[in-house]
There are 2 protein chains.
Amino acid sequence: MGSSTSLKKNLVISQKNQDNSTCHPPHPIETGHLEGLQKQILTVPKAQRMAEFFSLLGDSNRLRILSVLARKELCVCDLAATLDMSESAMSHQLRTLRAMRLVSYQKRGRKVFYRLQDNHVLALYQSVAEHLEEID
Amino acid sequence: MGSSTSLKKNLVISQKNQDNSTCHPPHPIETGHLEGLQKQILTVPKAQRMAEFFSLLGDSNRLRILSVLARKELCVCDLAATLDMSESAMSHQLRTLRAMRLVSYQKRGRKVFYRLQDNHVLALYQSVAEHLEEID
DNA sequence: TGAATATATGAAAATACTTTCAGAAATTAA
DNA sequence: TTAATTTCTGAAAGTATTTTCATATATTCA
């Protein structure tokens, strides 16, 4: 069982806007007051890695998969049945979760059982759940 | 200044797989042992709201915008210059951040200054930063 | 071994997201 | 008022992601 992922957007791309005239009616900005700022902000590579991680949680099917696995390890077909997804779609999603090490798996007979890799992710999404209740 | 957003994927869609034969070589699954599970998992609407939130953080430009605003409120054109994005792209991104109430803004003269709405988001992404350092 | 079951995979189709482009709207200054 | 500046907007273009479909691989059982 190999491994590969999607979520490429945040991995590689960069280097747009090579010429520094980013503003469309270009205006003479004195960037002096911005330089200090530029050194402190999230670097592009870090932002990309972080965004890749958040993107992983930015899909309701993946979140539901994680919420099921939080309670019980489960094989692919039961996951698919529980969440009303095709087994193929489930398999693709599990692959991306695997690639980011959010789940681990164990083969038993012809079934493959998936489980959460750790509880860090759960903590994270509980934190978001709270935030969402706050802003309502 | 109106408001509208993207990130539609997690908002509305559902109801795929209307027929219950989700498994491709359909197999007679006894769903009895899954019913308890289905009641406890994240509901689709909740998962969608949560995914929508994570998606918002799932873009490196948006994360960098937030990281800049964490230090200092800034107008659109300075944000654009700092992060090397076009002002139009910046404006579009700020709109989605506004729509999800992660940033607020204040108009002064012809400039519009954006700032973080609260520090909840920062806390969240610090938590992810830690996770990312762990798994390296 | 052959048939059935469970999962995985690549490619194409279906969707979704982000940026650019062209131009509108609002504000300021001359 | 006219010109310049700043931001916003809708639509199209460019890119990315997710699902489906067809098929491959692996395991079990008869």
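Side chains are part of it too, since the values below use all heavy atoms of this structure and drop only hydrogens, waters and symmetry mates. Throughout, a chain's letter reflects where its sequence line sits, starting with A, and its residues are numbered from 1.
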So, does B:Tyr114 get its side chain near the phosphate of D:dC8, meaning an N or O under 4.0 Å from OP1 or OP2? yes
Of C:dT28, C:dT9, D:dT9, the nucleotide closest to the side chain of B:Arg110 is C:dT28
Ranking C:dT18, D:dT6, C:dT7 by distance to the side chain of B:Asp59, first place goes to C:dT18
B:Leu94 atom CG is separated from C:dT19 atom P, nearest whole Å, by 11 Å
Separation of D:dA22 atom P from A:Glu87 atom CD, nearest Å, is 16 Å
Review point. For B:Phe113 and B:Leu74, what are the C-alpha separation, side-chain angles and deciding distance, and is it a side-chain contact (heavy atoms from CB on, under 4.5 Å)?
Key: CA-CA 5 Å; B:Phe113 289 83; B:Leu74 228 46; 5.6 Å; no
Partner of B:Asp59 under side chain to side chain contact (heavy atoms under 4.5 Å, CB included), picked from B:Asn61, B:Leu56, B:Leu57, is B:Asn61
From CD1 of A:Ile65 across to P of C:dT7 the rounded distance in Å is 13 Å
Of the listed D:dT7, C:dT9, D:dT19, the closest approach to the B:Val76 side chain comes from D:dT7
Is A:Ser86 close enough to D:dT20 that one of its side-chain N or O atoms is under 4.0 Å from OP1 or OP2 there? yes
key: A:Arg98 vs C:dT9: side-chain N/O to OP1/OP2 distance below 4.0 Å   = yes
In whole angstroms, the gap separating P of C:dC17 from CG of B:Leu57 amounts to 15 Å
Any donor-acceptor N/O pair, B:Ser91 side chain to B:Ser88 backbone, under 3.5 Å = no
> Looking at C:dT9, does its base get a donor-acceptor pair with the side chain of A:Ser88 below 3.5 Å?
Replying inline: yes
note: B:Phe54, atom CZ; C:dC17, atom P; distance rounded to Å ~ 16 Å
**Message:** I'd like to know whether B:Arg108 forms a side-chain hydrogen bond (donor to acceptor under 3.5 Å, both in side chains) with B:Gln106, so could you lay out the CA-CA distance, the side-chain angles of the two residues, the decisive distance to 0.1 Å, and finally the verdict.
**Reply:** CA-CA 6 Å; B:Arg108 295 196 209 121; B:Gln106 197 184 8; 3.2 Å; yes
In whole angstroms, the gap separating P of C:dT7 from CG of A:Leu97 amounts to 16 Å
note: B:Gln106, atom CD; D:dT6, atom P; distance rounded to Å ~ 18 Å
Tightest non-hydrogen contact, residues A:Ala51 and B:Ser60, listed as CB-N, 3.4 Å
> Is any side-chain nitrogen or oxygen of B:Arg95 closer than 4.0 Å to OP1 or OP2 of D:dT9?
Replying inline: yes
Assign each of A:Lys107 and A:Gln93 the nucleotide of DNA chain D bearing its closest heavy atom; nearer the 5' end lies the nucleotide of A:Gln93
Exercise. Would you please confirm or rule out a distance under 4.0 Å between OP1 or OP2 of C:dA6 and any side-chain N or O of A:Tyr105?
Key: no
Answer yes if the side chains of B:Arg101 and B:Gln117 hold a donor-acceptor pair under 3.5 Å, and no otherwise.
no
Whole-Å distance, A:Glu52 CD to D:dT17 C1', equals 13 Å
Can you check whether A:Arg62 has a side-chain N or O nearer than 4.0 Å to OP1 or OP2 of D:dT19? no
Considering only heavy side-chain atoms of A:Asn61, the closest of C:dA8, D:dT19, C:dT28 is D:dT19
When A:Met90 and B:Lys111 are each assigned the nearest nucleotide of DNA chain D, the 5'-most assignment goes to B:Lys111
Can you say whether a donor on the side chain of B:His92 sits under 3.5 Å from an acceptor on the base of C:dT20, or the other way round? yes
